[in-house]
Amino acid sequence: MTTATTNQAEAPLLSGRHGLGRDLAALAVILVLAVIGYLLFPNNLALLTRIMAIALLVLSLDLVTGYCGVATLGHAALFGSGAYAAGIAAVHFGITDPLLMVAAGIIGGALAGLVCGVVILRAHGLPQLVLSIALIHLFHEFANKASSWTGGSDGLAGIAPDPLFGIFAYDLWGRTAYVFAVVLLAIVFMFLRLVVRSPFGMLCRGIKEDPIRIQAMGGSPTIALLKMYVISGAVAGVGGALNAVSTQVVGLDSLSFTLSAESLVMLVLGGTGSLFGAVTGTIVFMLFEDLVSAANPFHWLTMVGALLIAVVLFAPKGLYGTVAEVLARRRGAGR
Amino acid sequence: MSAIFEVRNLKRSFGGLAVTNDVSLSMAPGDRVALIGPNGAGKTTFVNLVTGNLEPDAGEVRIGGESVTNVNAIDRVRRGLVRSFQVTRLFQDMTPAEHVALAILQRDGRAGRMFGNFLSMPGVMAEVGVLIGKLGLRDLAHRPVREIAYGQQRLLEIAMALALKPRVLLLDEPAAGVPQSDTGRIERALADLPDDLAVLMIEHDMDLVFRFAKRVIVLAAGTVIFDGSPADVTKDPRVREAYLGSYADASSAA
Ligand SMILES: Nc1ncnc2c1ncn2[C@@H]1O[C@H](COP(=O)(O)OP(=O)(O)OP(=O)(O)O)[C@@H](O)[C@H]1O
Ligand SMILES: [Mg+2]
């Protein structure tokens, strides 16, 4: 016991844990899940691709809500802006290369993130929530009215992406789109792992807990949160663009209050403040929705409601958060 | 020597009660001042006013000869006015090493960096090691704050303040809640502070005050009633009167 303490006292503080091993493990988990999905649902790759697009939206929401504590019910504004940016680039400007469409989605999402951040971050708590709801309705209405650009309530159709790298065409079975989605999700996921454990990620966690303390260290909560909102917009924009590329249409539902609220439900279901939590929540919610709505189209919402209540009451940290906690406690007890 | 920190005619009242009533003081680099006074005298309110956490009704605050009355709380910290909190405000899931590293990066304007993990930044961690070692927190460096004792959390508050390399340091009861066995660490950390740093310490523990301070300011009901040497403070009749009844409580509570 005594020797252990002395050793610890002399050991350098520098920690060797760069997290590289765990990063590779995380990447492996995503790729394995992707392969399993492909094998389990070869005829429903479109659903899996949509799940990944929405997972990007939920990850993006997790950045501002889970990591920074911002309350928002309007986060689809960022996703929809990315989707429309990619769609408009393709239809009106002839930018049909999938990678350039994703770039357009990133820019559109980041700009929407900047606008939403500037407005939403002026308030806290309930007023903040109300501002976010007002924003999503404004975005929705704006897209509806600007119908010469967006197709209004008919949606923006006629998006015809080029083959990926000029080689892989978007086939009827959605295989190209699926692989494209897996790669995009994996890249974004790894990027976010770096961000959330960087000094900036640590700063944001501090802001969530006690912004006054961060100010007393000379840090500006507003600037950090705004930066996170722009990053969040870029991530949601990737999801929106992916959706535009894979479905070849953008509808007003991508800019809706419903999608915003559902993405929050998915995040809470999986567990806030963890990237795997966001992905887990999305997969569970959307597969559940697909299965239950096929089995019972009239009462599926009731079942989703029941599931959510059960999770909130019995696993308040979300499905992933609770499992991770139990495993960590086991490991702690085993030591 | 010219003043590094100056407060002129600071006033603030809450609902008609003057909690800070025309307070003025001035400190030079290297000053070691204790601010004492009965509970509710307005000491913490004074700190909140000068740091910009609370809006004064009137008065002026100057750092390094420049008025900061219209400067926000964040920029006052960047100009070298740093405080600690009477009740610790720490991030429960973060470790002491992370707290101090965040303060160091914040000071250097690098806390917004989106890549890299400061646990693997040798320069930062070397400085973290020195600060944390000075306050005896080395063994706890990688434990989340919620698992460490309150007295040690207080020491971490001081380590964070020092990490910011302040020009003026305001310590709000740094020893409150610290077990007797650990107050020695606080004293040693205080004795080790840079010579040109101006320190104002609020403290109820009079032994600590007498060992630390070259000058004592007494605040009672929002007014400065004494500003002078530690040797004279206990003899002053107004100070005795202000402390009648409350001094015994305060010293035993500390
Ligand atoms: N925000 C506020 N609103 C109303 N009254 C306040 C507020 N902040 C402080 N007060 C009052 O101002 C007075 C001084 O409080 P303050 O915390 O500054 O005292 P203190 O000298 O630091 O006391 P202690 O030794 O107990 O820490 C108290 O009577 C307190 O109730
Ligand atoms: Mg106080």
Side-chain angles (χ1 to χ4, degrees), chain A residues 1-2 4-20 22-23 63 67 69 190-228 230-231 234 273-274 328 332, chain B residues 51-53 72-85 88-95 97-107 109-122 124-130 132-133 136 138-142 157 160-161 163-164:
Chain A
M1 181 66 214
T2 339
T5 340
T6 359
N7 280 346
Q8 219 175 348
E10 284 160 6
L13 269 183
L14 209 59
S15 163
R17 291 176 296 134
H18 297 248
L20 197 66
R22 304 185 72 192
D23 283 342
L63 292 182
Y67 287 93
M190 301 321 284
F191 168 75
L192 293 184
R193 279 181 72 91
L194 290 180
V195 170
V196 298
R197 66 160 183 262
S198 70
F200 174 66
M202 197 69 66
L203 179 67
C204 288
R205 279 205 275 144
I207 291 168
K208 178 186 178 186
E209 195 166 336
D210 188 349
I212 305 281
R213 190 68 184 88
I214 294 292
Q215 287 185 351
M217 292 161 72
S220 165
T222 318
I223 289 177
L225 293 184
L226 200 55
K227 187 167 154 188
M228 193 56 126
V230 173
I231 297 171
S274 113
Chain B
T51 55
N53 291 111
N72 67 28
I74 300 167
D75 286 326
R76 291 186 200 194
V77 176
R78 291 180 183 167
R79 290 179 190 213
L81 179 66
V82 171
R83 71 175 296 182
S84 73
F85 290 91
T88 57
R89 298 181 82 142
L90 299 169
F91 308 114
Q92 296 304 307
D93 290 336
M94 290 191 204
T95 65
E98 288 171 336
H99 278 85
V100 176
L102 193 56
I104 291 169
L105 288 170
Q106 188 63 62
R107 175 197 75 202
R110 293 194 290 160
R113 279 181 46 164
M114 282 170 39
F115 297 99
N117 178 342
F118 46 55
L119 293 177
S120 52
M121 295 177 186
V124 173
M125 289 315 282
E127 198 179 339
V128 169
V130 170
I132 272 189
R138 237 191 131 93
D139 290 352
L140 304 168
H142 295 305
E157 278 268 348
M160 284 172 77
L164 296 169

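So you know, we letter chains A, B, ... as the sequences are listed, proteins then strands, and number each from 1.
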*Leading residue by heavy atom contact count with chain A [cutoff under 4.5 Å; candidates B/Q92, B/H99, B/R107]*: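 Most heavy-atom pairs under 4.5 Å with chain A: B/Q92.
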*So which of B/A73, B/G52, B/A103, B/G116 has the largest heavy-atom pair count under 4.5 angstrom toward chain A?*
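Counting heavy-atom pairs under 4.5 Å, the top option is B/G116.
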*Would you say B/E98's side chain and A/M202's backbone share a donor-acceptor pair under 3.5 angstrom?*
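No, the answer is negative, given that no donor and acceptor are paired below the 3.5 Å cut-off.
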*Counting only heavy atoms closer than 4.5 Å, note whether A/I231 contacts chain B via side chain, backbone, both or neither.*
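Just its side chain gets close to chain B.
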_Inter-residue atom distance A/I212.CD1 - B/R89.CZ, 0.5 Å rounding_ =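 Going from CD1 on A/I212 over to CZ on B/R89, the span is 5.5 Å.
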Are any of the side-chain heavy atoms of [X] and [Y] separated by less than 4.5 Å?
{"X": "B/F91", "Y": "A/I214", "answer": "yes"}
{"X": "B/M121", "Y": "A/P199", "answer": "yes"}
{"X": "A/M217", "Y": "B/L102", "answer": "yes"}
{"X": "A/L203", "Y": "B/Q106", "answer": "yes"}

*asked:* Taking every non-hydrogen pair under 4.5 Å, which of A/G219, A/A216, A/S220, A/A224 racks up the most with chain B?
replied: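 Top option by heavy-atom pairs under 4.5 Å: A/G219.
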*Determine the option with the most heavy-atom pairs under 4.5 angstrom with chain B, choosing from A/Q215, A/R213, A/K227.*
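Heavy-atom pair counts peak at A/R213.
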Could you look at [X] and say if it's the side chain, the backbone, both or neither that has a heavy atom under 4.5 Å from chain A?
{"X": "B/R79", "result": "neither"}
{"X": "B/M94", "result": "side chain"}
{"X": "B/N53", "result": "side chain"}

*Please name the pair of heavy atoms, one in A/P221 and one in B/I74, separated by the smallest distance, quoted to 0.1 Å.*
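That would be CD-CD1, 4.2 Å.
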_side chain to side chain contact (heavy atoms under 4.5 Å, CB included) between B/F115 and A/R197, worked out_ = CA-CA 8 Å; B/F115 297 99; A/R197 66 160 183 262; over 6 Å; no
*Does the pair B/R113 and A/F200 meet the rule for a side chain to side chain contact (heavy atoms under 4.5 Å, CB included), with working shown?*
CA-CA 5 Å; B/R113 279 181 46 164; A/F200 174 66; 5.9 Å; no
